[in-house]
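Just so we're clear, the structure is a prediction, and the values are computed from it rather than from any experiment. Below, read A as the first sequence line, B as the second, and so on, with proteins coming before strands; counting in each chain starts at 1.
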Amino acid sequence: MSGQLGLGDFFQKYLQKEPLIINKKVLQEHYIPDVLLHRQQQIELIASMLVPALRNEKPSNVFVYGKPGVGKTACIQYIIGHLEATAKTNGANLKTIYLNCKLRTVANTEYRVMAELARGMGVEVPATGLPTDEVYNKFITVVDQKPQVVILVLDEIDRLIAKAGDEILYNLTRINSSLKNAQVSLIGISNDVRFMENIDPRVKSSLGEEEVIFPPYNAIELKEILERRAAVAFRPNALAEGVLEKAAAVAAREHGDARRALALLKVAGEVAERDNSEKVKAEHIDKAEESIEKDRVMDIISSQPKQSQLVLHAILLTTTGRKMETGEVFEKYKDLCIHAGQSPLTQRRISDLIGELDMLGIINAKVISKGRYGRTREIYVSISDELLSKIKVKLQEEL
DNA sequence: AGGTATTCACATGAAACTATTCTCTGAGTTAGG
DNA sequence: TAACTCAGAGAATAGTTTCATGTGAATACCTGT
């Protein structure tokens with residue numbers, strides 16, 4: 001495009017062209033459809049467990065397992081929504097609080113969970129400054145004001161326990177004994193199936209009263225889910241033959257993750273629009289996959305603290321010989337620190353940071369023993385060269 | 001040859017420390033009656 | 001005397017440091033054949 005006329009033309013064209021995506025909302029992560037396909041069984045099961053709440057009786061504690069993107073959260077929110085609505089029309093005293101424990105700043109410690117729960121009940125609790133049991137008391141007091149059933153949904157509870165220990169669960173399961181009027185039930189949602197194994201047995205028995213397992217979707221189910229959404233989200237005939245199948249297949253490869261399938265479809269649609277393509281084609285799915293991966297990595301990197309970025313930079317600069325060890329990276333890292341005017345952290349910490357980067361999937365680090373020559377992490381990077389150089393540039397900028 | 005014992009280079013754990021942010025409390029101060 | 005200000009005590013949290021202990025297997029070192 002040269003000059004203003006050209007640009008004006010461009011905008012005109014853009015406006016005249018019919019968009020491929022006509023309702024983006026349906027493809028977004030938090031959208032909950034009216035009908036949840038292939039989850040009828042689980043929904044009925046959970047609903048039957050919770051139904052005593054409508055008669056002001058305490059439902060069992062429920063535990064829900066399943067890999068990411070298999071509809072756990074969506075189902076629970078769906079059920080809870082209907083349950084609350086029914087309770088309202090029938091005059092039952094029911095209150096539900098949904099809490100996602102993954103969110104870093106919201107609820108990944110005992111204090112924050114309790115504070116958030118108390119807020120859910122309508123008490124203002126400061127972000128810091130109070131003793132934890134004070135918050136417990138506040139929560140108990142509000143809950144116990146009147147006879148009611150309170151259902152607490154703790155999503156991604158495994159993360160919470162990993163960070164903050166299982167004391168919270170113990171306290172929450174015992175909370176009923178300090179309540180006179182109200183009753184509290186717990187719904188735990190976990191991605192990790194083996195989560196229960198290393199938990200205080202006292203908690204285990206009371207929390208795991210009922211368990212529901214969400215199996216992954218298979219490719220066919222995923223395709224049906226996508227079909228349903230695509231019909232609303234895209235203009236008619238916007239999808240080329242085989243696009244849905246492809247998206248479903250890609251997502252099915254990764255433990256049947258519907259969230260991922262939808263993201264793929266959405267990004268593919270956006271890519272296709274940008275390409276001025278008539279339809280969304282299978283190749284757009286490939287591009288979408290790349291783009292999603294790139295965004296993911298870039299997001300993670302920029303949200304990382306400086307020291308961690310330095311470590312990553314050190315790794316990328318050392319990586320010429322394909323794989324390296326903790327010691328090497330640490331040396332390089334110290335160099336970089338001096339260069340950047342930062343005081344270097346201990347090797348102990350660097351070891352942890354490398355572990356974190358590994359968990360985030362940006363690098364691969366595996367502990368190996370080299371016998372006589374010690375034990376260390378073998379670190380390597382498996383990112384396309386193109387992305388790699390982009391990351392390097394980005395790190396240069398940030399540091 | 002076969003079997004132990006060493007040894008390396010970190011990994012992994014636990015505890016303690018630091019800095020920051022925030023509440024609460026009570027002493028001291030101020031202004032108005 | 002009521003209202004206000006302000007410093008200090010306590011808490012929670014993230015990010016580290018310090019100290020201590022663990023560890024897998026390639027070598028070094030025996031041993032008896």
Peer 1: Without decimals, in angstroms, what is the distance between A/Met114 CE and C/dA12 P?
Peer 2: 13 Å
Peer 1: Give me the atom names and distance for the closest heavy-atom approach of A/Ile301 to A/Gln309.
Peer 2: O-NE2, 3.0 Å
Peer 1: Given atom CG of A/Leu353 and atom P of B/dC10, what is their separation to the nearest angstrom?
Peer 2: 16 Å
Peer 1: What's the closest nucleotide to the side chain of A/Thr109 if the choices are C/dA12, C/dT16, C/dT13?
Peer 2: C/dT13
Peer 1: Whole angstrom is fine here: how far is it from CD in A/Glu110 over to P in C/dA12?
Peer 2: 9 Å
Peer 1: Give the rounded distance in Å between these two atoms: CD1 of A/Ile368 and P of C/dA26.
Peer 2: 11 Å
Peer 1: What's the closest nucleotide to the side chain of A/Pro131 if the choices are C/dA11, C/dT16, B/dA14?
Peer 2: C/dA11
Peer 1: B/dC10, C/dA14, C/dA12: which one has an atom nearest the side-chain heavy atoms of A/Arg112?
Peer 2: C/dA14
Peer 1: Can you find a donor-acceptor pair, distance only, under 3.5 Å between A/Arg375 side chain and C/dT23 base?
Peer 2: yes
Peer 1: Consider the side chain of A/Glu325, meaning its heavy atoms from C-beta on, and name the nucleotide among B/dC10, C/dA28, B/dA11 that approaches it most closely.
Peer 2: B/dC10
Peer 1: Once you round it to whole Å, what is the distance between C1' of B/dA9 and CD of A/Glu378?
Peer 2: 14 Å
Peer 1: Nearest whole angstrom, please: distance from the P of B/dA11 to the CE of A/Met359.
Peer 2: 15 Å
Peer 1: Between A/Thr128 and C/dT13, is there a contact of a side-chain N or O with OP1 or OP2 at under 4.0 Å?
Peer 2: no
Peer 1: Atom CZ of A/Arg377 and atom C1' of C/dG24: how far apart are they, to the nearest Å?
Peer 2: 15 Å
